Amino acid sequence: MKPGAEIVQLGMDHRELPMTAPLRRVTLIVPVFNEEGGIGPFLAKVDSVIADLAQVVTFDILFVNDGSRDATERHVLAEAAKRTDVSLINLSRNFGKEAALIAGLNNATGDAVIPLDVDLQDPPEVIHQMIDRWTAGAKVVNARRSRRSGDTWLKAKSANAFYRIFNALSEQPIPRDVGDFRLMDREVVDVINQLGERSRCNKSLFSWVGFETVEVTYERPAREIGETRWNYWKLWKLALDAIFSSSTVPLRIWTYFGMMMAVVSLIYSLFIVAQTVLFGIDVPGYASTVILILVFGGLNMFALGIIGEYVGRIYTEVRQRPLYVIRSQHTSAKAEQ
Ligand code: UDP
Ligand code: MG
């Protein structure tokens with residue numbers, strides 16, 4: 001017998017039967033940027049996946065239109081008119097996927113959220129396993145790519161290097177090969193929404209918040225429709241953001257390096273003084289002088305550059321600008337419940 005059924009039988013009003021708890025709702029957060037061709041196939045795929053879960057949870061789909069210049073908005077609105085579970089946030093311009101995702105997290109209303117890409121590179125089938133683990137009590141379910149069949153050799157290698165460097169520097173490591181595709185319980189989303197930092201890397205914030213985390217694996221397919229919006233320059237900037245926003249080790253390196261150089265310099269100075277006293281002034285030494293000037297000039301600039309990275313981020317923080325600007329919002333009836 002289901003818990004609760006007994007109470008109802010004892011109660012006076014039998015019209016309340018059957019008493020089942022309302023299903024929990026999961027919001028799929030989908031950032032889209034110039035993806036007019038992807039909306040239809042994406043929804044078709046998602047529908048086929050969530051149909052099997054109808055007894056377990058309900059879903060709503062929140063598209064965040066990240067300043068698309070094509071007909072993405074129109075396509076989403078057309079779909080939203082046909083169904084009750086689609087809503088749309090239009091950002092005022094292209095703010096980048098990270099910001100679009102935050103806009104989604106701030107506005108999602110579900111009991112859990114799952115951010116996923118519209119290009120089906122985050123296979124919706126994995127949602128099944130995520131929901132299983134969530135209903136079993138996990139607060140965060142990470143989806144780890146077991147094989148990056150969709151990525152080039154260089155991208156896979158550079159991603160590897162990034163994880164290695166990041167995890168060596170940061171106090172809270174981020175799991176390897178886990179992207180934004182993950183399930184997060186409302187409790188976790190509320191904490192993430194409270195983090196007010198401007199220059200941010202979602203992945204590192206997601207792992208920073210903690211909570212009971214489990215993992216499911218999947219194979220990442222190649223992009224089916226459209227083209228990737230990432231290039232190596234953008235990925236490089238993202239990697240720098242990730243490292244500098246989660247670690248102060250690059251700053252501290254210079255403290256130790258400076259201390260080491262001070263000791264070496266002292267020893268060398270003593271040596272020169274002793275040499276001068278014992279053997280008189282030795283004029284030649286042009287090469288070594290120039291080399292020292294060049295080497296230390298270079299290191300000074302590098303160190304200043306690292307400090308600059310942090311100063312720049314401090315500047316971004318103190319300006320307190322919002323991470324994104326919403327132009328309009330179309331909320332479906334179902335999401336408002
Ligand atoms: N995206 C976005 N804003 C951007 C770039 C991308 O909202 O400035 C969205 C894009 O529409 C897609 C997701 O982010 O749904 C992932 O983008 P993409 O497939 O280009 O990245 P990749 O899979 O290559 O990492
Ligand atoms: Mg993609």
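Order of appearance sets the numbers: ligands from 1, and atoms from 1 within every ligand. If you're wondering where the values come from, they're calculated on a predicted model, not measured in any experiment.
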Nitrogen or oxygen of Lys234 less than 3.5 angstrom from that of ligand 1: no

Polar side-chain atom of Ser265 near backbone of Met261 as donor-acceptor pair, under 3.5 Å: yes

Side-chain donor-acceptor pairs under 3.5 Å in residues 48-56, sequence neighbours left out?
residue: Ser48; atom: OG; partner: Lys45; partner atom: O; Å: 2.7

Before signing off on this row, confirm whether Val118 and ligand 1 have an N or O atom pair separated by under 3.5 Å. yes

On a heavy-atom basis, the closest approach of Ala138 and Val214 is CB-CG2, 3.6 Å

Please classify the Gln121 to ligand 1 contact at 4.0 Å (heavy-atom distances, strictly less than): side chain, backbone, both or neither. side chain

Of the N, O or S atoms in Asp119, the one nearest the Mg ion (ligand 2): OD2

Please check whether Pro31 reaches ligand 1 - meaning an N/O of the residue sits under 3.5 Å from an N/O of the ligand, judged on distance alone. yes

Counting each atom of ligand 1 from 1 as listed, which ones have a heavy atom of Asn94 under 4.0 Å away? 3 (N), 4 (C), 8 (O)

If you draw the axis of the six-membered ring of Phe166, does the NZ or CZ of Arg164 fall within 45° of it and under 6.0 Å from the ring centre? no

Can you list everything that forms a salt bridge (Lys or Arg N to Asp or Glu O under 4.0 Å) with Glu36? Sequence neighbours excluded, please. none

